[in-house]
A.B. asks: 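Mind having a look at this structure? Questions to follow.
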Amino acid sequence: MSASSQRNQKVLFLFFFLLNIGLVFIEGCTPESEPKKIDGKYSAVPLASEKTVAPISSLIEKSHDTAAHINAKRDTALAEAKYALDLEQPTIKSNARRINIAIIGIDSRLGDNHVKHADANHILSIIPDSGKIEITSIPRDTYADAGYDDTTGLNKLTLVYANRGLKSYVKEATRIAGLDKIDYWVEAGFSQAMGVIELFGHKDSKSALQVLRSRQGLGGDDFQRCYNQGQFIRQNILKHFNKFDGISGDLMLRGGLLLVNTNLSKEKADEIFSDLKSHGFPKDTNAITVRVRPRALPKYKVYDFSKEDTYQQLKNKIERYNDYRSKHDTSFSKSKSSDLYNRLSSIIKQAQTDSIKRPQLTINKLRPYYEQRAWLQIQEASKRDEIRNSVQSLLGNAYERLKKHDESEKVRTTLEYERKLFSPEK
């Protein structure tokens, strides 16, 4: 294998864990166990051996269980998830060299990229000399200066991004996390997050993301929710770190960086990864810890998100909670993939009408959906490809008519890489 190929495969890992925005898982110690020490200090989130949620089939008797009995046993399975303690002590000494990367999950209306709420907020602190990573997860409604009067109740981190922009968001997130700076950032929206979850092998990416976005149904409100997301990121780093042999690292890296918005270059990603790898990452599952700031709950449930059954069990639990409380969880959308396909098809037809005489109108109509990668919410591969191809053709041609050749080429290159990224033959 050439040095270039080896370098590209190294970079692949860094790209993948940066993409888990937004967004977003395994061992923990039981409530009665003692926190573990790492490098002579207590772990911010001590971790025990891997434990999966017990499968439903092992808990439900084959005889005449009532629906209520079955539901109770399902909840028993979920209750057996282990706990992780959130202690004040940092895992790594504060003067250790760090590279801090903000992962920002954006919630904005489909087709409108003007107002962006930062609903998932995570900071990856890479400590290369120790071969470790810390994930700091911040609840969206954490107090932060969003530029409003305090009496309005609108000074929340999620609104800092929407009202004051990226620079102010980074400043406030840095303060809340107790860090000195944030070096890089990665931003991804709902559709992009679904695409990343799919790339990691989850068949029902919509349900998986909805579970990770659920606010109340699993207890702990926003704190447990953002911890779940932090554990999701952690779990996928550990699970996929050594599984990229034979895959074109260059394709995955370039396609992935084009899928999101980021100030992280391929060259810098390569440098970070090589530095971390050279110090033995990951030596074990304690190589990555998760903490929530500001600190609120003393412990968090740790679910095994590597199992498809976990998402279905949690989804059932959330839906029963909503029915009992007569609530509607906004993370559980009732819209279907076919509805989105029809909506995008209609918008494309409108854009075709303007494509020759009014190319700027075509750009105005399609650009927001292109930036959001809206078609990644469509589960049927053929329909997804149809929408992507139409957007590429219409948007690219519109830029050409306005003699914006660089923009046209960027659209073509971006979607060509994305098409290869999601190809089953990659």
Side-chain angles (χ1 to χ4, degrees), residues 18-25 86 100-110 112-124 135-148 150 152-179 182 185-194 196-197 208-234 260-261 290-297 300-301 305 314 318 322 327-333 372:
L18 289 177
L19 285 183
N20 276 274
I21 34 249
L23 317 156
V24 10
F25 305 102
D86 190 2
N100 299 315
I101 305 172
I103 308 298
I104 313 167
I106 299 302
D107 184 13
S108 56
R109 290 183 180 276
L110 192 65
D112 183 1
N113 257 356
H114 292 95
V115 179
K116 299 179 179 180
H117 296 120
D119 277 6
N121 309 279
H122 308 279
I123 301 172
L124 301 183
I135 301 174
T136 303
S137 300
I138 306 174
R140 68 187 294 279
D141 290 337
T142 300
Y143 179 86
D145 184 5
Y148 298 102
D150 279 343
T152 64
L154 297 176
N155 283 319
K156 304 174 182 180
L157 184 61
T158 181
L159 294 177
V160 173
Y161 197 97
N163 194 48
R164 304 189 69 182
L166 178 62
K167 185 176 180 179
S168 293
Y169 169 88
V170 167
K171 179 181 178 181
E172 288 296 274
T174 300
R175 174 187 61 79
I176 296 168
L179 302 171
I182 288 177
W185 53 269
V186 177
E187 174 197 290
F190 190 86
S191 303
Q192 294 149 307
M194 285 183 63
V196 173
I197 291 173
L209 185 58
Q210 288 174 335
V211 166
L212 292 170
R213 295 178 72 232
S214 180
R215 185 183 178 96
Q216 295 180 338
L218 300 180
D221 201 5
D222 220 11
F223 289 89
Q224 180 68 51
R225 173 171 70 170
C226 77
Y227 181 80
N228 290 343
Q229 295 171 1
Q231 278 292 336
F232 176 82
I233 296 172
R234 171 184 174 270
V260 299
N261 299 319
V290 180
R291 61 177 187 160
V292 177
R293 294 295 179 268
R295 187 171 181 269
L297 302 179
Y300 293 88
K301 280 189 175 182
F305 292 105
L314 293 175
I318 294 167
N322 292 336
K327 291 180 177 292
H328 172 61
D329 191 332
T330 56
S331 71
F332 282 78
S333 171
Q372 294 175 334

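Computed from a predicted structure; not experimentally measured.
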A.B. asks: Before you tell me yes or no, could you show the steps for Phe190 and Leu110 under side chain to side chain contact (heavy atoms under 4.5 Å, CB included), namely the whole-Å CA-CA distance, both residues' side-chain angles and the distance that decides it to 0.1 Å?
C.D. replies: CA-CA 9 Å; Phe190 190 86; Leu110 192 65; over 6 Å; no
A.B. asks: Quick check for you: to the nearest 0.5 Å, what is the distance between Thr136 atom OG1 and Leu179 atom CG?
C.D. replies: 5.5 Å
A.B. asks: Is there a donor-acceptor contact under 3.5 Å from the side chain of Asn261 to the main chain of Glu187?
C.D. replies: no
A.B. asks: Please give me the minimum heavy-atom distance between Cys226 and Val292, naming the atom from each residue.
C.D. replies: SG-CG1, 3.8 Å
A.B. asks: With rounding to the nearest 0.5 angstrom, report the CG to CH2 distance, Leu166 to Trp185.
C.D. replies: 5.5 Å
A.B. asks: How close do Ile138 and Thr142 get, counting heavy atoms only, and between which atoms?
C.D. replies: CG2-OG1, 3.6 Å
A.B. asks: Is any side-chain heavy atom of Ile233 closer than 4.5 Å to a side-chain heavy atom of Leu124?
C.D. replies: yes
A.B. asks: What closest approach, in Å, do Asn155 and Gly147 show between heavy atoms, and which atom pair accounts for it?
C.D. replies: OD1-N, 3.5 Å
A.B. asks: Say you draw a straight line from CZ of Arg295 to CZ of Phe223; how long is it, rounded to the nearest 0.5 Å?
C.D. replies: 11.5 Å
A.B. asks: For the CZ atom on Arg109, are there more than 12 heavy atoms of other groups (residues, nucleotides or ligands in this structure) within a distance under 6.0 Å?
C.D. replies: no
A.B. asks: Between Gly230 and His122, what is the shortest heavy-atom contact and its length?
C.D. replies: N-CE1, 3.7 Å
A.B. asks: For a quick test of reading the model, state the closest non-hydrogen atom pair linking Ala118 to Ile106 and the distance between them.
C.D. replies: CA-CD1, 4.2 Å
A.B. asks: Rounded to the nearest 0.5 Å, what's the gap from OG1 on Thr174 to CD1 on Ile182? Could you check?
C.D. replies: 3.5 Å
A.B. asks: Could you state the interatomic distance from NZ (Lys301) to CG (Leu314), rounded to the nearest 0.5 Å?
C.D. replies: 9.5 Å
A.B. asks: Should the pair Tyr300 and Tyr227 be assigned to parallel (<30°), tilted (30 to 60°) or perpendicular (>60°) ring geometry?
C.D. replies: parallel
A.B. asks: Asp141 and Arg215: salt bridge (Lys or Arg N to Asp or Glu O under 4.0 Å), yes or no, with the steps?
C.D. replies: CA-CA 11 Å; Asp141 290 337; Arg215 185 183 178 96; 2.6 Å; yes
A.B. asks: Between Arg164 and Asp145, is there a side-chain N and carboxylate O pair less than 4.0 Å apart?
C.D. replies: yes
A.B. asks: Check this for me: does any side-chain nitrogen of one of Asp86 and Arg293 sit under 4.0 Å from a carboxylate oxygen of the other?
C.D. replies: yes
A.B. asks: Does the Arg225 side chain pair with the main chain of Arg213, one donor and one acceptor, at a distance under 3.5 Å?
C.D. replies: yes
A.B. asks: Side chains of Gln216 and Asp221: closer than 4.5 Å at any heavy-atom pair?
C.D. replies: yes
A.B. asks: Can you name the nearest heavy-atom pair linking Gln224 to Leu218, along with the distance?
C.D. replies: CG-O, 4.4 Å
A.B. asks: Look at Asp107 together with Arg140 and state whether they make a salt bridge at an N to O cut-off of under 4.0 Å.
C.D. replies: no
A.B. asks: Look up atom NE2 in His117 and atom CG in Asn163, then write down how far apart they are to the nearest 0.5 Å.
C.D. replies: 9.0 Å
